[in-house]
Structures are given as structure tokens and as C-alpha cells.
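First up is the structure itself, then whatever we jot down about it.
No experiment lies behind these values; they were computed from the predicted model shown. Along the sequence shown, residues are numbered consecutively beginning with 1. What's counted below: heavy atoms across the whole structure, side chains too, no hydrogens, waters or symmetry copies. First listed ligand is number 1; within each ligand, the first listed atom is number 1.
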Amino acid sequence: MQVDNKKTPTLYTKKEDCCGCYACENMCPVNAIKMEPDETGFMYPLINADICVGCGMCIKVCPIKNV
Ligand code: SF4
Ligand code: SF4
């Protein structure tokens, strides 16, 4: 399948932009997001750009980006 990776979103650039709520991981229709711990054990989302279809649902559901 041809995948357009250009639309893969950036979920956060600073750690303050993510509260680790798992909403994006739960919402992703193709399971492209996995939560991974940082050095302190706090969980942050990582997008697998090879799987992501660029639907934008993870951005829409994020409580930090939609306050
Ligand atoms: S843009 Fe869509 S497919 Fe890509 S990581 Fe977000 S929810 Fe998943
Ligand atoms: S939905 Fe937003 S705040 Fe929640 S884990 Fe994903 S990027 Fe972080």
C-alpha cells in the first residue's frame, strides 16, 4: 500500500506539550502510535511513520492541543 508520510503529525516538540494520557494511542485507527517511557519512566507517544496514514485523529483528540 502506498502511504503518504508527509502528513504524519508531530504530537509534541516539548515534553510539556504531552501529559501522557494515551488518548492519541487509543484513537489511532491503524495503531501507529506506541507509548514509550522516557528516562524517568514517563510515557510519551511515538508514531511509526511507516504505518501512519495521516488522518490527524491523534491531534484532534489530544487534550493539550485542544484546550
Ligand atoms: S495521523 Fe492518524 S494514523 Fe497517523 S498517528 Fe495520528 S491517528 Fe494514527
Ligand atoms: S493525546 Fe496528547 S497529551 Fe495525550 S498522550 Fe497523546 S500527545 Fe500526549
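Atoms of ligand 1 lying under 4.0 Å from any heavy atom of Pro29, numbered from 1 in the order shown and given with element: 7 (S). Of all the atoms in ligand 2, the ones that sit under 4.0 Å from a non-hydrogen atom of Lys65 are 2 (Fe), 7 (S). Atoms of ligand 2 found under 4.0 Å from any heavy atom of Ile64, numbered from 1 in the order shown, are 3 (S). Using a 4.0 Å cut-off to heavy atoms of Val30, the atoms of ligand 1 that qualify are 3 (S). Counting the atoms of ligand 2 from 1 in the order shown, those under 4.0 Å from a heavy atom of Tyr22 are 4 (Fe), 5 (S).
Across all non-hydrogen atoms, the minimal contact from Pro45 to Ile33 is CB-CG2, 3.6 Å. Closest non-hydrogen pair, Thr8 versus Cys52, comes out as OG1-SG, 3.5 Å. Across Val30 and Val53, no two heavy atoms sit closer than the pair CG1-CG1, 4.3 Å.
Of the possible polar contacts, one joining the Lys65 side chain to the Leu11 backbone as a donor-acceptor pair under 3.5 Å is found.
Applying the ring-ring contact (aromatic ring centres under 6.0 Å, His included) test to pairs two or more places apart or on separate chains, those with a residue in residues 12-31 are Tyr12-Tyr44. Legend: salt bridge (charged side-chain N to carboxylate O under 4.0 Å, His left out) pairs involving residues 16-28, not counting sequence neighbours, sorted by first then second residue: Lys14-Asp17.
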Would Lys34 and Asn48 count as a side chain to side chain contact (heavy atoms under 4.5 Å, CB included) if you check the C-alpha gap in whole Å, the side-chain angles of each, and the deciding distance to 0.1 Å?
-> CA-CA 8 Å; Lys34 293 283 169 273; Asn48 184 335; over 6 Å; no

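From Cys21, atom SG reaches atom CD1 of Ile64 across 7.5 Å, with rounding to the nearest 0.5 Å. The structure places SG of Cys62 at 12.5 Å from CE of Met57, a figure rounded to the nearest 0.5 Å. Here the CD1 atom belonging to Ile59 is positioned 8.5 Å from the SG atom belonging to Cys24, to the nearest 0.5 angstrom.
Not a single heavy atom of Val61 sits under 4.0 Å from any atom of ligand 2. Residue Tyr12 places every heavy atom at 4.0 Å or more from ligand 2.
Residue-level proximity to ligand 2 for Tyr44 is absent, since no heavy atom of it falls below 4.0 angstrom. For Glu25, no heavy-atom contact with ligand 2 is shorter than 4.0 Å.
Residues passing the salt bridge (charged side-chain N to carboxylate O under 4.0 Å, His left out) test with Glu36: none are found, sequence neighbours excluded.
Atom 8 (Fe) of ligand 2 has no N, O or S atom of Cys62 inside 2.8 Å of it.
Looking only at heavy atoms of the protein, atom 4 (Fe) of ligand 2 is closest to Cys21 SG, 2.3 Å. Protein heavy atom nearest atom 8 (Fe) of ligand 2, with residue, atom name and distance: Cys18 SG, 2.3 Å. The protein non-hydrogen atom at the shortest distance from atom 3 (S) of ligand 2 is Cys19 N, 3.3 Å.
With hydrophobic clusters built from ILVMFWY side chains whose heavy atoms lie under 4.5 angstrom apart, Ile47 shares a cluster with Phe42.
Taking a cut-off of 2.8 Å, the protein N, O or S atoms nearer than that to atom 6 (Fe) of ligand 1 are Cys58 SG.
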